[in-house]
Amino acid sequence: MLRLDDASLYASYDPSGMLQTALGLSRQVRDAWEIGRAARLPALPRSPAHVVVAGMGGSAIGGDLLAASLGARLSVPLTVVRDSRLPRYVGPESVVIATSYSGETEETLAVTTEAQRAGATVLAITSGGRLAEMAARGGGGVVRIPAGFAPRAALGYLMVPALAALERWGLVDSCAEDVEEAARVVEEVASESGPAVPTIRNPAKRLARELTGRIPAVYAGSPELEAAARRWKCQFNENSKTLAAWNAFPELTHNETVGWGAPPEVRAVVSVIVLLGGDEPERALRRIRVTTELAFRHAAGTHEVRGRGRRALSRLLSLVQLGDLVSIYLACLRGIDPTPVEAIETVKRRMRDEA
Ligand code: F6R
């Protein structure tokens, strides 16, 4: 029996159940949509100029996925800030969505204070902590999401209520069908790549096996999929405890391809994963093929994975679901618990102690 087909592996290496939580993404998306639909929202400024989603790590990626899934449908620009400072243009006509799962992240708290000082409309999405208190005290809205997850495993809860808020504020057209389609395709991916499906028929387990001992370089086939590539990279970091890189076509053909001239022993440990949406124009696919032939031929391996669904949200979240599972299987293959992120906690603790 192949290692990933042995159920006892998960009991030994995944005692906190990261795999089961990841498999629940579709449920989380549906539940989070209801939470967002029911939440009390602050009133919008009279003429909202833009939306800033502020957060770090697993709480920030939801902002990238949101921006990518809505794209040109948004009636105002949406930017993601991963910093302790807000741009100076944030003021009374700004909407700031502060996302922090714990509600205790230093950078996000600092940005929320700045947003309040600037007179922006603030909506916090959090499971609690000081962020919930601050937002409520400052007259902003608070969407409370369920506690008890690792932040990165609460992606649906962190992201989807913001989508509901944008819709309810009238900054985007109806998103109900996007959410429903996304939940459905995510469910399909989970059932095809779950632990009970043997490796031979399981795309996530197979890819995890191929990546053992390698550094994954995750390349989005188009800018629309950048956020998914970044998520894959971060999940390899946090769940599999390994180095990883991400980039996107066509930008990477203007710089990173040259980096494939690295010494052979370096290239030999890097495996390329190209994320495709399935709707790439012929010329974009041609660019990917040419690059694969010229630059990636010395890689340890090149793999292509395809998102599902007609809508951007579906393509992104189906890729996220697959990547999350690959990263957890890779951790278990390495004999590592995917849940603890000691390196993140240690820096936070040191910084708190020195404050
Ligand atoms: C941990 C994780 C981290 C956190 C980040 C910010 O699972 O993914 O990237 O998301 O350290 O913490 P929160 O999300 O609590 O604001």
Side-chain angles (χ1 to χ4, degrees), residues 14-22 24-25 28 32 52-66 80-86 96-115 122-135 140 142-162 218 227-244 246 320-321 323-328 330-331 336-353 355:
D14 183 21
S16 312
M18 181 62 90
L19 181 59
Q20 287 308 320
T21 306
L25 178 61
Q28 215 182 94
V52 172
V53 177
M56 301 303 297
S59 289
I61 192 74
D64 296 324
L65 289 162
L66 197 63
V80 179
V81 170
R82 291 174 163 86
D83 197 357
S84 322
R85 310 250 349 238
L86 281 174
V96 175
I97 304 181
T99 56
S100 168
Y101 186 71
S102 60
E104 292 293 343
T105 297
E106 181 182 333
E107 296 91 333
T108 316
L109 292 174
V111 159
T112 305
T113 306
E114 274 195 19
V122 174
L123 175 66
I125 301 180
T126 180
S127 67
R130 277 179 289 168
L131 179 61
E133 284 163 32
M134 268 175 71
V142 181
V143 178
R144 276 198 186 260
I145 54 177
F149 291 84
R152 63 192 181 284
L155 175 70
Y157 286 126
L158 287 157
M159 170 191 178
V160 175
V218 190
R230 186 175 191 151
R231 168 74 175 186
W232 276 59
K233 180 255 177 205
C234 293
Q235 294 291 75
F236 283 130
N237 295 151
E238 295 183 56
N239 289 339
S240 328
K241 278 80 176 166
T242 190
L243 294 170
W246 73 276
V320 164
Q321 175 72 91
D324 285 7
L325 297 177
V326 173
S327 70
I328 297 164
L330 182 55
I336 286 173
D337 182 347
T339 298
V341 282
E342 195 46 42
I344 296 177
E345 304 303 339
T346 308
V347 173
K348 286 185 180 176
R349 208 174 317 116
R350 283 271 296 271
M351 294 303 291
R352 214 169 25 237
D353 293 348

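One-based numbering, in listed order, for ligands and for the atoms of each.
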Does Lys348 have a non-hydrogen atom less than 4.0 Å from ligand 1?
->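 Heavy atoms of Lys348 do come under 4.0 Å of ligand 1.
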
Mind checking whether Thr108 has a heavy atom under 4.0 Å from ligand 1?
->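 Flag not set, Thr108 not near ligand 1.
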
May I ask you to decide whether Glu345 forms a salt bridge with Arg352, counting only side-chain N to carboxylate O separations under 4.0 Å?
->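 So Glu345 does not pair with Arg352 through a salt bridge.
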
Would you call Glu114 and Arg85 a salt bridge, using N to O less than 4.0 angstrom?
->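 Salt bridge flag = yes for Arg85 with Glu114.
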
For atom 2 (C) of ligand 1, what's the nearest protein heavy atom and its distance?
->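 Nearest neighbour among protein heavy atoms for atom 2 (C) of ligand 1, to 0.1 Å: Glu238 OE1, 3.0 Å.
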
Among all protein heavy atoms, pick out the one at the shortest distance from atom 10 (O) of ligand 1; state its residue, atom name and that distance to 0.1 Å.
-> Gly58 N, 3.0 Å

Quick check: does Ser59 get an N/O under 3.5 Å from an N/O on ligand 1?
->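 So ligand 1 has an N or O lying under 3.5 Å from an N or O of Ser59.
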
Test of proximity, Gly103 against ligand 1: N or O pairs below 3.5 Å = no

Do any N or O atoms from the side chain of Ser102 and from the backbone of Ser127 form a donor-acceptor pair under 3.5 angstrom?
->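 The answer is no, because no donor-acceptor pair under 3.5 Å joins these two groups.
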
Examine distances only and state if a side-chain atom of Ser240 and a backbone atom of Thr242 form a donor-acceptor pair shorter than 3.5 Å.
-> no

Are Asp324 and Arg231 side-chain neighbours, meaning at least one heavy-atom pair lies under 4.5 Å?
->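 In contact.
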
Heavy-atom distance under 4.5 Å between the side chains of Gln20 and Asp14, does that happen here?
-> no

Run the numbers for me: atoms of ligand 1, each under 4.0 Å from some heavy atom of [X], listed by number.
X	answer
Arg152	1 (C), 7 (O), 8 (O)
Met56	5 (C), 6 (C), 10 (O)
Ile344	11 (O)
Ser100	13 (P), 15 (O), 16 (O)

Could you check Tyr157 against Val143 for side chain to side chain contact (heavy atoms under 4.5 Å, CB included), going step by step and ending with a plain yes or no?
-> CA-CA 10 Å; Tyr157 286 126; Val143 178; over 6 Å; no

Best match, Thr339, Leu109, Val347, Thr105: closest heavy atom to atom 12 (O) of ligand 1 | Thr105

Given Gly129, Ser102, Ala54, Ala150, which one has a non-hydrogen atom that is nearest to atom 15 (O) of ligand 1?
->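 Going through Gly129, Ser102, Ala54, Ala150 one by one, Ser102 has the nearest heavy atom to atom 15 (O) of ligand 1.
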
Minimum heavy-atom separation for Val80 to Ala60, with atom names?
->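 Val80 and Ala60 have their closest heavy atoms at CG1-O, 4.0 Å.
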
